Engineer: 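I'd like to ask you about the structure that follows.
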Amino acid sequence: MKPTAQTAPKPRNFFQDVHEVVRLIPAGRVSTYGTIAHYLGARHGARTVGYAMMAAHTADQYVPAHRVVNRLGHLTGRLHFATPFAMQEALEAEGVRVEEDRVVEFARLFWDPGVELA
DNA sequence: TCGATGACATTGC
DNA sequence: AGCAATGCCATCG
């Protein structure tokens, strides 16, 4: 099974799982780091999920990181996009209203993988 | 190869 | 009730 997975070509990293879950987020909806972490087991700490978003830039597939915000609905990672407005514009383009770097009606647009995918 | 960093969340006092 | 510190995985230099 795993005598020495040192030469593993593609170990199922936690990041890969996060990227997949984020990809499942429908347009016009938003999710949070803690929720995704909890959906994956909540044993990694919410932080790791946020790092996965940054690593999304290195993912083979496109990851709608603009649909992922912190627990307060704040666009924390907007500064990590191509432009600090790319995230807000992307959300508004999908019908999500953003004011003061915060998602309006965030609680209503909230998308829980453990519930919606149930 | 080793050390430090990095898009949050939760608990404790 | 509010403030502070810690935990976590992976990638970068």
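The sequence lines fix the lettering, A, B, ..., with proteins before strands; numbering per chain opens at 1. Keep in mind that this is a model prediction, so the values were computed, not measured.
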Engineer: Would you say Asn70(A)'s side chain and Leu72(A)'s backbone share a donor-acceptor pair under 3.5 angstrom?
Structural biologist: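 Side chain of Asn70(A) to backbone of Leu72(A), a donor-acceptor pair under 3.5 Å: yes, one is there.
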Engineer: Could you tell me how far apart Phe106(A) (CZ) and dC8(B) (C1') are, to the nearest whole angstrom?
Structural biologist: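 Checked: the CZ to C1' distance equals 12 Å.
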Engineer: To the nearest Å, give me how far apart NE2 (His38(A)) and P (dT11(B)) are.
Structural biologist: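 To the nearest whole Å, that distance equals 10 Å.
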Engineer: Taking CG from Leu40(A) and P from dC9(C), how many angstroms apart are they, rounded to a whole number?
Structural biologist: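 Atom-to-atom, Leu40(A) to dC9(C), this comes out as 13 Å.
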Engineer: Please work out if Ala37(A) contacts a base, only the sugar-phosphate, or nothing of the nucleic acid, heavy-atom cut-off 4.0 Å.
Structural biologist: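 Touches nothing.
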Engineer: Under 3.5 Å, side chain of Arg97(A) to main-chain N/O of Val104(A), donor-acceptor pair present?
Structural biologist: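 Pair absent, no side-chain N/O of Arg97(A) close to backbone of Val104(A).
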Engineer: Can you check the Arg47(A) CZ to dT11(B) P distance for me, whole Å?
Structural biologist: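 It works out to 16 Å between those atoms.
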Engineer: Mind listing the N/O atom pairs, protein and nucleotides 11-13 of chain C, below 3.5 Å?
Structural biologist:
none

Engineer: Before you tell me yes or no, could you show the steps for Val103(A) and Phe110(A) under side-chain contact (heavy atoms from CB on, under 4.5 Å), namely the whole-Å CA-CA distance, both residues' side-chain angles and the distance that decides it to 0.1 Å?
Structural biologist: CA-CA 10 Å; Val103(A) 177; Phe110(A) 184 77; over 6 Å; no
Engineer: Got a sec: does the NE2 of His74(A) have more than 12 other heavy atoms crowding it under 6.0 Å?
Structural biologist: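 Correct, the count exceeds 12.
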Engineer: Rounding to a whole Å, what distance do you find between Gln16(A):CD and dC9(C):P?
Structural biologist: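 Whole-Å distance recorded here is 17 Å.
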Engineer: Please report the distance, rounded to the nearest Å, between CZ in Phe14(A) and C1' in dC8(C).
Structural biologist: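 Value for this atom pair: 9 Å.
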Engineer: Report the distance from atom CG of Asn70(A) to atom C1' of dA9(B), rounded to the nearest whole Å.
Structural biologist: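 That distance rounds to 10 Å.
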Engineer: Taking C-beta and beyond as the side chain, do Phe106(A) and Val96(A) meet within less than 4.5 Å on heavy atoms?
Structural biologist: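 Result no, sub-4.5 Å side-chain heavy-atom pair not found.
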Engineer: Please work out if Arg71(A) contacts a base, only the sugar-phosphate, or nothing of the nucleic acid, heavy-atom cut-off 4.0 Å.
Structural biologist: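 It contacts sugar-phosphate atoms only.
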Engineer: Could you tell me the separation between the OH atom of Tyr33(A) and the P atom of dC9(C), rounded to a whole number of Å?
Structural biologist: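 Nearest whole value for this atom pair: 19 Å.
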Engineer: Starting the side chain at C-beta, find the nucleotide from dC9(C), dA9(B), dG6(B) nearest to Thr32(A).
Structural biologist: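 Selected nucleotide: dA9(B).
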Engineer: Determine whether Met87(A) and Val69(A) make a side-chain contact, defined as any pair of heavy atoms from C-beta on separated by less than 4.5 Å.
Structural biologist: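 Yes. Closest side-chain heavy atoms under 4.5 Å.
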Engineer: With rounding to the nearest 0.5 angstrom, report the CZ to CD distance, Arg78(A) to Gln88(A).
Structural biologist: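 Arg78(A) CZ to Gln88(A) CD: 7.5 Å, rounded to 0.5 Å.
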